[in-house]
Amino acid sequence: MNSFREKVYHTVSLIPRGKVAAYGQIASLCGNPLAARAVGWAMRNAPGFLDLPCHRVVNKNGSLAPDYAFGGEQIQREMLIDEGILFKDNGCIDMKSCLWIPEDFTVSEEQGQGLIKK
DNA sequence: CCCCTGACTAATA
DNA sequence: GTATTAGCCAGGG
């Protein structure tokens with residue numbers, strides 16, 4: 001089954017530790033840049049055995065998913081901090097430094113940071 | 001086939 | 001900064 005959600009799961013599984021991706025970004029990588037909601041749907045219906053780092057998938061504005069997603073934004077925030085994600089004082093993610101860049105992510109890994117861009 | 005829901009996003013006020 | 005509207009896609013009834 002090569003449905004949209006298969007791609008979503010695969011893409012999400014590629015998110016490196018210390019980085020975060022937006023729903024719309026995942027959708028774009030799957031070929032449907034306007035399917036951000038479908039991505040959220042896929043996450044909600046994601047089988048547990050896939051072990052997807054869905055806590056690394058956040059809203060584009062830097063906010064975290066609703067409470068019912070991970071049992072509380074507080075939980076998700078701690079998980080992300082534990083993985084090296086930087087947060088602002090207001091509790092929002094520092095997208096500027098932690099946003100995953102698929103096209104440069106391999107290079108970024110070599111550099112150790114994700115601020116390198118072409 | 002039609003209608004509804006949803007872990008989204010962008011634009012607007 | 002927040003609230004609201006509208007558009008988008010994939011399932012389920």
| message | Distance check, rounded to the nearest 0.5 Å: A:Lys88 atom NZ versus A:Met95 atom CE? | response | 10.5 Å

| query | Does a side-chain heavy-atom distance below 4.5 Å link A:Trp41 with A:Val8? | reply | no

| message | Distance under 4.0 Å to a non-hydrogen atom of chain A counts as contact; along DNA chain B, which nucleotides mark the start and end? | response | B:dG6 to B:dA10

| said: With hydrogens left out and only the distance checked, is there a donor-acceptor pair under 3.5 Å joining A:Arg5's side chain and the base of C:dG11? | reply: no

| What nucleic acid atoms does A:Ala38 come within less than 4.0 Å of, heavy atoms only: base, sugar-phosphate, or nothing? | base

| request: Would you jot down, in residue-number order, the residues of residues 24-32 of chain A having a non-hydrogen atom under 4.0 Å from DNA chain B? | output: A:Gly24

| task | Report the distance from atom NE2 of A:His10 to atom CG of A:Leu52, rounding to the nearest 0.5 Å. | result | 11.5 Å

Distance-only criterion, 3.5 Å: show the donor-acceptor pairs between side-chain atoms of residues 72-79 of chain A and protein atoms not counting sequence neighbours.
| unit_1 | atom_1 | unit_2 | atom_2 | d |
| --- | --- | --- | --- | --- |
| A:Gln74 | OE1 | A:Arg77 | NH2 | 2.2 |
| A:Gln74 | NE2 | A:Glu78 | OE2 | 3.4 |
| A:Gln76 | NE2 | A:His55 | O | 3.1 |

| said: Whole angstroms only, please: what is the CZ-C1' distance between A:Arg44 and C:dA10? | reply: 14 Å

| message | Please report the interatomic distance CG(A:Asp94) to CG(A:Leu80), rounded to the nearest 0.5 Å. | response | 12.5 Å

| Taking DNA chain B as the partner, which of residues 54-66 of chain A come within under 4.0 angstrom of it by heavy atom? | A:Cys54, A:Asn59, A:Lys60, A:Ala65, A:Pro66

| query | What nucleic acid atoms does A:Tyr68 come within less than 4.0 Å of, heavy atoms only: base, sugar-phosphate, or nothing? | reply | sugar-phosphate

| Which heavy-atom pair separates A:Phe4 from A:Cys30 by the least distance, and what is that distance? | CE1-CB, 3.5 Å

| Going by heavy atoms in the side chains, are A:Gln25 and A:Leu99 under 4.5 Å from each other? | yes

| request: Please report the closest heavy-atom contact between A:Ile81 and A:Phe87, naming both atoms and the distance. | output: CG1-CD1, 3.7 Å

| message | Are the side chains of A:Val12 and A:Met43 in contact, using a 4.5 Å heavy-atom criterion? | response | yes

| field | Side chains of A:Ser13 and A:Leu50 in contact at under 4.5 Å (non-hydrogen atoms) | value | no

| task | If a pair satisfies salt bridge (charged side-chain N to carboxylate O under 4.0 Å, His left out) and one of its residues is in residues 46-71 of chain A, list it, with sequence neighbours excluded. | result | A:Arg56-A:Glu83

| If you take all heavy atoms of A:Ala27 and A:Ala36, which pair is closest and at what distance? | CB-N, 3.7 Å

| said: Are A:Asn59 and A:Ile93 packed together at the side-chain level, in the sense that at least one heavy-atom pair is separated by less than 4.5 angstrom? | reply: no

| Which ones in residues 76-90 of chain A lie close to DNA chain B, meaning a heavy atom under 4.0 Å from one of its atoms? | none

